[in-house]
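The figures here come from the full heavy-atom set of this structure, side chains too, leaving out hydrogens, waters and symmetry mates.
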Amino acid sequence: MDKFKALRKMYNDAGVSIYAFKPDALRAHHTDEEIGWAMRAAKALGATHVTVELPNNPKQTKRLGALGKKHKMHIGYHGHTQQTPTFWDTALKQSKYNGINLDLGHYIAAGHTDAIAFIKKNHKRILSMHLKDRKNLKNGQKNMIWGQGDTPIAEVLHLIKDNNYKFPVTVEMEYEVREGLNAVDEVKTCADYCDKILK
């Protein structure tokens, strides 16, 4: 784990904390030992949880939940436009170590209009959130410059702030980088957009 600890120190020294780790070691074909190793690596990085796409097989979410309990590491399950309000229900019932890695932009693009209600209901099980601005299903689902899509970014940020929810939110810039800019510039633009909302 020494290299992971060194990586954590490098980030921490730069003022950055690592809250999650997405290892390619949490699938059904991986052994318990491999999954345990990935969870220990996440701890060495300072992460509170690992993330993985929600498996189609509930046996795997049950298994991951049990291994999460063993290693005291939460698992945040991610989804794309297959997300529904009940997408995570089985996994959440299986283990208190199973949680939600909510992708709000994908959730909106899937056609759901209950994002605020969903977050209020599930905030204690949301481990982290990916934030992007996408058009909804009827408007074509395209990733947009923030403020031009259908994702209720302002409402969600105020909900999190006003209720002192503890899960971290990641800027996930997925729209096409504009001419004369680079991805770092665009991420800064997204972060500034959030700052203006919250101020």
Side-chain angles (χ1 to χ4, degrees), residues 16-22 26 42 47-56 61 64 74-93 97-178 183-199:
V16 178
S17 59
I18 298 172
Y19 67 79
F21 178 44
K22 187 176 184 180
L26 304 176
T48 63
H49 60 287
V50 292
T51 65
V52 65
E53 304 300 315
L54 182 71
N56 292 324
T61 52
L64 289 174
H74 288 86
I75 305 98
Y77 296 100
H78 183 264
H80 293 266
T81 52
Q82 82 274 36
Q83 293 176 125
T84 68
T86 59
F87 181 66
W88 295 270
D89 284 3
T90 298
L92 297 181
K93 289 174 185 172
Y97 285 91
N98 286 340
I100 300 169
N101 172 224
L102 177 64
D103 192 308
L104 190 62
H106 292 326
Y107 191 82
I108 295 301
H112 306 300
T113 58
D114 65 335
I116 299 296
F118 179 86
I119 294 168
K120 284 182 178 178
K121 177 183 176 184
N122 295 287
H123 68 93
K124 291 183 179 177
R125 302 299 297 274
I126 296 174
L127 300 174
S128 52
M129 179 189 292
H130 294 179
L131 189 61
K132 62 173 71 74
D133 204 355
R134 287 190 72 176
K135 291 287 189 180
N136 62 28
L137 182 62
K138 67 180 181 181
N139 289 332
Q141 300 181 306
K142 187 177 177 182
N143 283 298
M144 302 297 295
I145 295 169
W146 289 28
Q148 297 180 16
D150 296 313
T151 306
I153 293 174
E155 293 90 335
V156 167
L157 290 178
H158 282 295
L159 176 70
I160 294 167
K161 180 181 178 181
D162 294 346
N163 290 281
N164 200 28
Y165 293 159
K166 299 299 183 186
F167 55 83
V169 178
T170 301
V171 169
E172 193 168 41
M173 193 288 297
E174 292 196 349
Y175 59 83
E176 189 173 336
V177 174
R178 293 170 287 181
V184 174
D185 296 326
E186 296 287 18
V187 170
K188 288 179 181 177
T189 299
C190 296
D192 288 344
Y193 181 83
C194 295
D195 286 340
K196 288 176 184 176
I197 287 169
L198 293 172
K199 289 175 182 175

Could you pull out all donor-acceptor pairs under 3.5 Å where a side-chain atom in residues 109-119 meets a protein atom, sequence neighbours excluded?
unit_1, atom_1, unit_2, atom_2, d
H112, NE2, Q83, O, 2.6
D114, OD1, Y107, OH, 2.7
D114, OD2, Y107, OH, 3.3

Item checked: Residue pair N98, T61: steps toward the side chain to side chain donor-acceptor pair (under 3.5 Å) verdict -> CA-CA 8 Å; N98 286 340; T61 52; 5.0 Å; no
Margin query: I'd like to know whether S128 forms a side chain to side chain contact (heavy atoms under 4.5 Å, CB included) with T48, so could you lay out the CA-CA distance, the side-chain angles of the two residues, the decisive distance to 0.1 Å, and finally the verdict.
Written below: CA-CA 10 Å; S128 52; T48 63; over 6 Å; no
Checklist line | Verdict with reasoning, I160 to V169, per side chain to side chain contact (heavy atoms under 4.5 Å, CB included) | finding: CA-CA 10 Å; I160 294 167; V169 178; 3.7 Å; yes
Notebook entry, point to check: Can you check side chain to side chain donor-acceptor pair (under 3.5 Å) on H78 and D103, steps first, answer last?
Noted result: CA-CA 7 Å; H78 183 264; D103 192 308; 3.2 Å; yes
Checklist line | K161/L198 under side chain to side chain contact (heavy atoms under 4.5 Å, CB included): CA gap, chis, key distance, verdict | finding: CA-CA 8 Å; K161 180 181 178 181; L198 293 172; 3.9 Å; yes
Next item on the list: Step by step, work out the side chain to side chain contact (heavy atoms under 4.5 Å, CB included) result for F87 and Q82.
Entry: CA-CA 8 Å; F87 181 66; Q82 82 274 36; 3.4 Å; yes
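Scored by the ring pair (Phe, Tyr, Trp, His ring centres under 6.0 Å) test, H106 finds H80 as partners (sequence neighbours excluded). Checked against side-chain contact (heavy atoms from CB on, under 4.5 Å), M173 has the following partners two or more places apart in sequence or in another chain: Y175, V177, A183, E186, V187, C190.
Atom CG of D195 sits in a crowded spot, with more than 12 heavy atoms from other residues, nucleotides or ligands closer than 6.0 Å.
Scanning both residues, N139 and K135, for their nearest heavy atoms gives O-CB, 3.8 Å. Counting all heavy atoms, side chain and backbone alike, L92 lies closest to G99 at CD2-CA, 3.7 Å. Residue R134 comes nearest to T151 through the heavy atom pair N-OG1, 3.0 Å, listed as atom of the first residue, atom of the second, then distance. Between T189 and R178, the shortest heavy-atom distance links the atoms CG2-NH2, 3.8 Å. When all heavy atoms are compared, the tightest approach of M129 to F167 is CE-CE1, 3.7 Å. Counting all heavy atoms, side chain and backbone alike, Y19 lies closest to P168 at CD1-CG, 3.4 Å.
The CG atom of L104 sits 9.0 Å away from atom CG of D133, with the distance rounded to the nearest 0.5 Å. Note that the OH atom of Y77 and the CH2 atom of W88 stand 13.0 Å from one another [nearest 0.5 Å]. To the nearest 0.5 angstrom, I75 atom CD1 is 8.5 Å from L127 atom CG. Distance NZ/K132 to OG1/T170: 10.0 Å, rounded to 0.5 Å. Atom CG of L26 sits about 8.0 Å away from atom OG1 of T51, to the nearest 0.5 Å. Annotation: the span from D150 atom CG to K138 atom NZ amounts to 8.0 Å, rounded to 0.5 Å.
No side-chain heavy atom of Y165 sits less than 4.5 Å from a side-chain heavy atom of I126. For the pair K120 and L159, the minimum side-chain heavy-atom distance is below 4.5 Å.
Between K22 and E53, at least one side-chain nitrogen of the basic residue sits less than 4.0 Å from a carboxylate oxygen of the acidic one, meeting the salt-bridge criterion.
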